[in-house]
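The next block holds one structure in the form of structure tokens; read it before the comments.
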Amino acid sequence: MNLYKYVSEKLNEKLGFDAKLEIPRNRDFGDFSTNAAMVMAKSAGKNPREIATELLPKIRELDFVSDASIAGPGFINLKIRDDFLWNAVQTAANITKSDKPMTIDMDYGAYNVAKSLHIGHLRTSIVGDTLYRLGRAIGHKMISYNHMGDWGRSMGMVIAWIEKLHPDWPFFRDNFDASADYSKYAMPIEELDTYYPSAAALAKTDEKFMERAQIITAELQNGHPGYNALYNVFIPISLQSMDKIIRKLNMLSFDNNLGERNAAKYAEPVEKILRDKNLLQQSDGAEIVVVKRNDDKKPMPPVMFRNSREALTYDATDIMALYYRKITDNPDKVIYLTDSRQSLHFEQLFRVAELLGMFPADSLEHIGYGTINGTDGKPFKTRDGNAAGLNDIIDMVQSAVRDRVAESGKKLDDATIDEIALAALKFNDLSHDLRSDYIFEPSQITSFEGRTGPYILYTAVRLNSVLKRAGDFTVPQNANMGADERNLVMGLLDFDRTVQSAFDSRATDLVANYAYDVCQLVNTFYHNCPILRDDVDAETRNMRLSLIKTAVDVLGGALDLMGLRIPVEM
RNA sequence: GUGCCCAUGGCUCAAUUGGAUAGAGCAAUUGCCUUCUAAGCAAUAGGUUGCAGGUUCGAGUCCUGCUGGGCACGCCA
């Protein structure tokens with residue numbers, strides 16, 4: 001039930017005017033408020049309060065309105081009838097499906113093969129997963145892509161490094177036998193993870209090594225059998241390690257783990273379209289697509305399709321990936337979720353897609369999120385100055401929860417501790433505005449007072465505990481609500497609206513902050529309104545129990561959208 | 001140099017996308033466990049929304065200029 005939408009539509013219908021319904025910041029003003037009179041006054045050249053006085057009787061005719069009054073410069077404040085609210089709140093946890101469902105490709109994660117996940121992958125993973133769940137809940141057909149970095153220079157670096165370690169391995173021989181089984185060359189993930197950083201460090205000082213890596217990259221892409229066989233040895237190892245983190249973060253698994261390598265298969269058809277449309281140009285030995293327009297005020301460099309060493313760049317593979325999605329999903333929208341530093345790249349990419357006639361500009365969307373910084377305001381690093389690994393961060397939060405539990409004398413199993421830790425980590429990430437940077441302070445994440453994920457879980461756990469003790473109860477037809485109960489009802493009735501606008505504006509922080517707001521209302525109610533005490537009469541008890549049930553459903557719904565679960569106890 | 005983004009109590013973040021008295025959490029001070037889980041509730045204190053103009057019934061939000069910060073700008077992804 002989307003109360004906001006319902007009231008808004010009925011009100012506009014009654015007034016014959018498209019007014020904007022607002023929820024007053026100050027609840028004393030009423031449940032809803034409209035500025036219709038002030039907007040109408042402008043075109044009519046009249047006093048807003050005068051018009052408001054004319055509108056008031058009409059508004060009072062609406063059956064769900066218990067009171068309407070004029071305030072301030074001409075706001076009309078509404079109060080909703082309690083019996084209407086009580087009836088409405090029974091379906092507060094339901095999410096309204098979209099009346100025009102779309103097919104939406106979501107590109108997030110973008111994990112790199114043979115490079116362990118680090119803090120830079122945190123937001124794209126967590127927020128991407130939540131956006132996906134939001135879209136799905138609203139009824140869109142969501143298709144997720146982990147566009148893996150599995151075909152670029154880093155692959156050449158890793159292979160070059162292995163060549164350095166094991167020059168005697170068969171992959172590097174001229175008489176390589178592609179039909180043999182090479183699975184015995186598989187290395188543990190911990191070892192594989194060290195290859196890229198080592199190679200990258202060496203390449204910085206050793207030009208010859210860098211050159212070798214570049215040659216290998218090009219040869220790999222052109223089908224060199226030995227390199228491809230070796231590549232096929234370490235790819236599954238890497239995929240397994242990604243999968244482990246995905247499960248640790250309680251993310252939905254990707255519908256597609258298809259990256260640059262898959263995209264590169266479509267080089268030919270894409271290049272043909274580019275040539276047919278006469279879009280490819282030679283420049284300094286490279287092939288480029290000019291995307292600059294005459295009316296551009298900002299610099300708009302060309303898109304690099306193929307570099308002077310004849311390797312495909314990520315510009316090229318991104319175009320091909322888009323082509324692949326067009327011919328397989330034919331989506332209404334493609335949403336990319338990456339670091340905001342890639343904004344220019346995506347603007348260029350979208351222009352190429354438009355030039356190719358593949359996707360209109362408004363069907364492609366890039367959401368750029370800010371960086372996660374340390375207290376110094378610079379990208380978060382571990383104490384030794386390295387980018388913090390995702391596994392290390394998760395472990396750190398988990399051990400902090402373990403300490404906290406030990407301190408309190410509670411006994412919780414490992415699964416519960418992991419769930420609490422995950423809530424701390426994910427809520428922190430989701431509750432921040434996507435577009436801005438935020439500061440990641442381990443001590444703040446791991447202290448669980450106030451505005452945190454554990455606070456939300458704790459609230460839900462307490463509610464469940466009451467429901468469990470209470471046993472069966474009946475939902476009363478009507479309710480005589482006090483202020484705390486009524487405030488909670490209004491909060492719960494805002495769930496559907498929040499979900500809708502969170503997806504519409506791609507703002508996952510709305511869901512997280514909503515959950516927190518509801519918890520505050522719940523906890524005030526919980527504190528002030530006894531339920532199972534002997535002096536509470538049956539009618540009141542039933543009313544409060546049904547309210548708690550709905551609150552758990554709503555909180556559970558919000559938590560589910562964040563990929564979190566309510567523990568049994570904590 | 002060109003362009004994009006940001007600036008809100010001591011700290012970390014909000015503000016229904018132009019609405020009414022700018023709200024939370026942390027840190028500080030204080031009260032509440034013989035009551036359904038105190039990871040909780042309640043109270044006090046803390047603000048010229050970076051600076052200067054402008055737009056209108058109304059600006060933290062929109063426009064202009066300035067100051068300070070972040071980021072990007074063809075052969076990495």
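Below, all heavy atoms of this structure are taken into account, side chains as well, without hydrogens, waters or symmetry copies. In what follows, chains are A, B, ... by sequence order, proteins preceding strands, each numbered from 1.
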Which whole number of Å gives the distance between the C1' atom of rC13(B) and that of rA7(B)?
14 Å
Base rA14(B) paired with Asp517(A) side chain (donor-acceptor, <3.5 Å):
no
May I ask you to decide whether Arg293(A) forms a salt bridge with Asp296(A), counting only side-chain N to carboxylate O separations under 4.0 Å?
no
Nearest-angstrom distance, C1' atom, rU61(B) to rU17(B):
8 Å
Quick one: sort the Phe495(A) and Tyr514(A) rings into parallel, tilted or perpendicular, breaks at 30° and 60°.
tilted
Counter-base of rA45(B), judged by Watson-Crick or G-U geometry with both distances under 3.5 Å:
none
Rounded to whole angstrom, note down the P distance from rA59(B) over to rU49(B).
12 Å
Do Thr317(A) and rA77(B) have a side chain to base donor-acceptor pair shorter than 3.5 Å?
no
Has the side chain of Ser340(A) got a donor or acceptor atom sitting under 3.5 Å from an opposite partner on the base of rC5(B)?
no
Distance between C1' atoms of rG58(B) and rG69(B) (Å, rounded)
31 Å
Who pairs with rA14(B) - Watson-Crick or G-U, where each distance is under 3.5 Å:
none
Cationic tip of Arg462(A) above Tyr526(A) ring, under 6.0 Å, 45° of axis
yes
In the strands shown, is rG53(B) matched to any nucleotide by a Watson-Crick or G-U wobble pair with both distances under 3.5 Å, and which?
rC63(B)
Quick check for you: among rU12(B), rC75(B), rG70(B), whose closest atom lies nearest to any side-chain atom of Asp437(A)?
rG70(B)
Could you work out the separation of rU48(B) and rG65(B) based on their P atoms and round it to a whole Å?
27 Å
Between Tyr438(A) and Lys20(A), just flag the one whose closest nucleotide in RNA chain B comes earlier from the 5' side.
Tyr438(A)
Side-chain heavy atoms of Ser340(A) within contact of Arg435(A), under 4.5 Å
no
Between rC57(B) and rG18(B), how many Å separate the two C1' atoms, rounded to a whole number?
12 Å
If stacking means aromatic ring centre less than 5.5 angstrom from the base's six-membered ring centre, planes under 30°, is Tyr526(A) stacked on rG40(B)?
no
Checking N1-N3 plus N6-O4 or O6-N4 for Watson-Crick, or N1-O2 and O6-N3 for wobble, each under 3.5 Å, the partner of rC71(B) is rG3(B)
side-chain N/O Arg153(A) vs rC76(B) OP1/OP2, d < 4.0 Å:
yes
Test: Arg506(A) cationic atom under 6.0 Å from Phe503(A) six-membered ring centre, within 45° of axis
yes
Contact class for Tyr455(A) vs. all strands (heavy atom < 4.0 Å): base, sugar-phosphate, or nothing?
sugar-phosphate
Out of rA39(B), rC75(B), rU17(B), which nucleotide sits closest to the side chain of Phe448(A)?
rA39(B)
Which part of the nucleic acid does Asp284(A) contact within heavy-atom distance under 4.0 Å: base, sugar-phosphate only, or nothing?
base
Determine the interplanar angle of the Phe350(A) and Tyr336(A) rings, folded into 0 to 90°, and report it as parallel if under 30°, tilted if 30 to 60°, perpendicular if over 60°.
tilted
What integer number of Å spans the C1' atoms of rC63(B) and rC26(B)?
37 Å
Is there a donor and acceptor pair closer than 3.5 Å between the side chain of Tyr458(A) and the base of rA39(B)?
no
Under 4.0 Å: is that the gap between some side-chain N or O of Arg462(A) and OP1 or OP2 of rA38(B)?
yes
Once you round it to whole Å, what is the distance between C1' of rG25(B) and CG of Asn523(A)?
14 Å
Please work out if Cys519(A) contacts a base, only the sugar-phosphate, or nothing of the nucleic acid, heavy-atom cut-off 4.0 Å.
nothing
Taking any strand in view, what nucleotide pairs with rC36(B) in a Watson-Crick or G-U wobble way, both distances under 3.5 Å?
none
C1' atoms of rU67(B) and rC6(B), separation to the nearest Å:
14 Å
Syn or anti: how is rC4(B) classified when any glycosidic angle within 90° of 0 counts as syn?
anti
How would you label the contact of Glu441(A) with the nucleic acid (heavy atoms, under 4.0 Å): base, sugar-phosphate, or nothing?
nothing
